[in-house]
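In listed order, ligands and their atoms are each counted from 1.
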Amino acid sequence: MRLIILGGPGAGKGTQAEQLCHRLKIPLISTGNMLREAIATQTELGRQARVYLEKGELVPDELMIAFIRDRLLIPDTQSGWLLEGYPRTAFQAEELDFLLDEFQQRLDWAIWLNVSPEVMRSRSLLRSRPDDSPATIERRIQLFGDRTIPILDYYAFRRRLIRINGDLSIETVQQEIGEKLNLG
Ligand code: AMP
């Protein structure tokens with residue numbers, strides 16, 4: 001299965017993505033985690049991405065698109081994949097489609113964990129990642145609304161969008177995703 005999981009900061013996409021990948025035995029491709037790791041290990045990508053993560057800004061599309069292309073070329077993706085935190089802009093979504101056309105792959109579903117800004121704020125403040133200061137959290141919530149919400153329509157229009165109420169507990173959300181994907 002080929003899946004995308006979308007949601008604002010603190011929506012629970014990391015947690016749900018991990019469980020889903022375990023269940024479906026597909027690789028988890030988390031752009032946020034990979035960028036944080038690239039920064040920690042001081043790779044070239046990490047060097048370029050760092051300033052954006054520190055401010056809660058989006059890493060430029062060109063960098064992200066090249067990065068995802070390289071990742072989807074690794075053979076473990078033959079069994080399917082789950083993209084977590086990607087795409088985040090309309091441009092990334094369109095480019096992902098071109099890429100999948102090129103690879104003759106098809107996206108099954110985009111799962112949207114819909115949570116209120118209040119929940120995004122409180123959950124983000126509860127965890128303690130280096131890129132989680134109050135100012136960066138606000139900026140990420142704003143960018144989610146401005147840049148990522150529009151791509152939900154893109155997937156809804158093509159009947160590929162699954163909406164989930166992400167305000168509910170981890171277990172309930174997990175169960176609802178399973179039902180919507182007919183995982184039985
Ligand atoms: P996340 O862990 O998904 O919240 O991502 C953490 C940070 O990584 C974001 O605030 C962005 O700075 C950066 N990032 C992750 N995914 C993307 C993406 N698809 N496009 C641009 N920036 C991204």
Side-chain angles (χ1 to χ4, degrees), residues 2-21 27-73 77 81-100 107 110-155 161 164 166 170 173:
R2 298 186 188 93
L3 301 169
I4 287 171
I5 192 159
L6 300 159
K13 54 187 183 348
T15 309
Q16 296 298 332
E18 265 179 37
Q19 293 178 350
L20 207 48
C21 284
L28 169 61
I29 303 178
S30 161
T31 46
N33 284 352
M34 290 166 94
L35 289 167
R36 280 185 287 275
E37 194 179 319
I39 292 170
T41 54
Q42 302 181 354
T43 65
E44 178 57 23
L45 172 74
R47 200 185 58 72
Q48 294 184 49
R50 185 176 166 170
V51 49
Y52 300 100
L53 269 85
E54 281 175 354
K55 291 193 199 139
E57 296 295 329
L58 292 176
V59 175
D61 284 337
E62 293 68 27
L63 263 183
M64 295 307 303
I65 288 161
F67 177 61
I68 281 294
R69 184 174 215 287
D70 287 350
R71 180 61 187 87
L72 288 179
L73 279 169
T77 53
W81 36 256
L82 190 160
L83 292 181
E84 188 238 304
Y86 191 94
R88 259 188 165 84
T89 67
F91 190 55
Q92 290 180 9
E94 284 169 11
E95 289 292 322
L96 178 63
D97 275 347
F98 292 139
L99 197 61
L100 297 184
L107 176 74
I111 302 165
W112 172 29
L113 300 183
N114 182 17
V115 300
S116 62
E118 291 69 37
V119 170
M120 288 187 207
R121 223 164 264 131
S122 57
R123 285 192 191 154
S124 297
L125 286 167
L126 274 175
R127 68 183 183 196
S128 58
R129 280 197 330 221
D131 53 333
D132 278 344
S133 76
T136 58
I137 290 167
E138 283 312 313
R139 181 63 183 145
R140 293 193 354 229
I141 292 173
Q142 186 187 16
L143 279 171
F144 178 72
D146 293 350
R147 307 295 305 278
T148 309
I149 289 279
I151 70 178
L152 300 173
D153 279 345
Y154 180 79
Y155 291 114
L161 187 71
I164 302 280
I170 292 177
V173 171

Asks: Quick one: nearest non-hydrogen protein atom to atom 16 (N) of ligand 1, plus distance?
Replies: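 The answer is T31 OG1, 2.8 Å.
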Asks: Rounded at 0.5 Å granularity, tell me how far CD1 in I141 sits from CE in M120.
Replies: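 It comes to 6.0 Å.
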Asks: If you round to the nearest 0.5 Å, how far is CD1 of I4 from CD of Q92?
Replies: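 It comes to 10.5 Å.
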Asks: With heavy-atom distances below 4.0 Å as the criterion, list the atoms of ligand 1 near E57.
Replies: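 By the 4.0 Å cutoff, the relevant atoms are 11 (C), 12 (O).
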Asks: With respect to atom 10 (O) of ligand 1, which of R140, K13, R147 exhibits the smallest heavy-atom separation?
Replies: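 Answer by nearest heavy atom: R140.
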Asks: Can you list the steps and then say if F67 with M34 is a side-chain contact (heavy atoms from CB on, under 4.5 Å)?
Replies: CA-CA 10 Å; F67 177 61; M34 290 166 94; 3.5 Å; yes
Asks: What protein heavy atom is closest to atom 6 (C) of ligand 1, reported as residue, atom name and distance in Å?
Replies: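 Ranked first by proximity to atom 6 (C) of ligand 1 is R36 NH1, 3.5 Å.
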Asks: What atoms of ligand 1 come within less than 4.0 Å of a heavy atom belonging to M64?
Replies: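 The atoms of ligand 1 under 4.0 Å from a heavy atom of M64 are 17 (C), 18 (C), 19 (N), 20 (N), 21 (C).
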Asks: Consider every N or O of N33 and every N or O of ligand 1, then say whether any pair is closer than 3.5 Å.
Replies: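 There is no such contact.
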Asks: Just to verify, which of R36, R127, R123, R139 counts as forming a salt bridge (charged side-chain N to carboxylate O under 4.0 Å, His left out) with D132?
Replies: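 Looking at R36, R127, R123, R139, the match for D132 under the salt bridge (charged side-chain N to carboxylate O under 4.0 Å, His left out) is R127.
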Asks: Could you pull out the closest heavy-atom pair between G166 and V173, with the gap in Å?
Replies: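 So the two residues come closest at CA-CG2, 4.1 Å.
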Asks: Considering V59, I137, T89, L83 one by one, which has a heavy atom nearer to atom 21 (C) of ligand 1 than any of the others?
Replies: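 Selected option, by shortest heavy-atom distance: V59.
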Asks: Hey, is CD on E54 packed in by over 12 heavy atoms from elsewhere, all under 6.0 Å?
Replies: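 Enclosed: over 12 neighbouring heavy atoms sit under 6.0 Å from CD of E54.
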Asks: Among E54, K55, R88, which one has a heavy atom closest to atom 18 (C) of ligand 1?
Replies: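 Answer by nearest heavy atom: R88.
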Asks: Is G85 close to ligand 1, meaning an N/O of one under 3.5 Å from an N/O of the other?
Replies: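 Yes, G85 has an N/O under 3.5 Å of an N/O on ligand 1.
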Asks: Nearest heavy atom to atom 13 (C) of ligand 1: which of L35, I5, L96 does it belong to?
Replies: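 Nearest option to atom 13 (C) of ligand 1, by heavy atoms: L35.
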Asks: One pair to check against side-chain contact (heavy atoms from CB on, under 4.5 Å): L3 and W81. What are the steps and the verdict?
Replies: CA-CA 6 Å; L3 301 169; W81 36 256; 5.8 Å; no
Asks: Check R121 with E138, please: is the shortest side-chain N to carboxylate O separation under 4.0 Å?
Replies: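 Looking at E138 and R121, the cut-off is met.
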Asks: What are the atoms of ligand 1, with element, lying closer than 4.0 Å to any heavy atom of Q92?
Replies: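 Answer for ligand 1: 18 (C), 19 (N), 20 (N), 21 (C).
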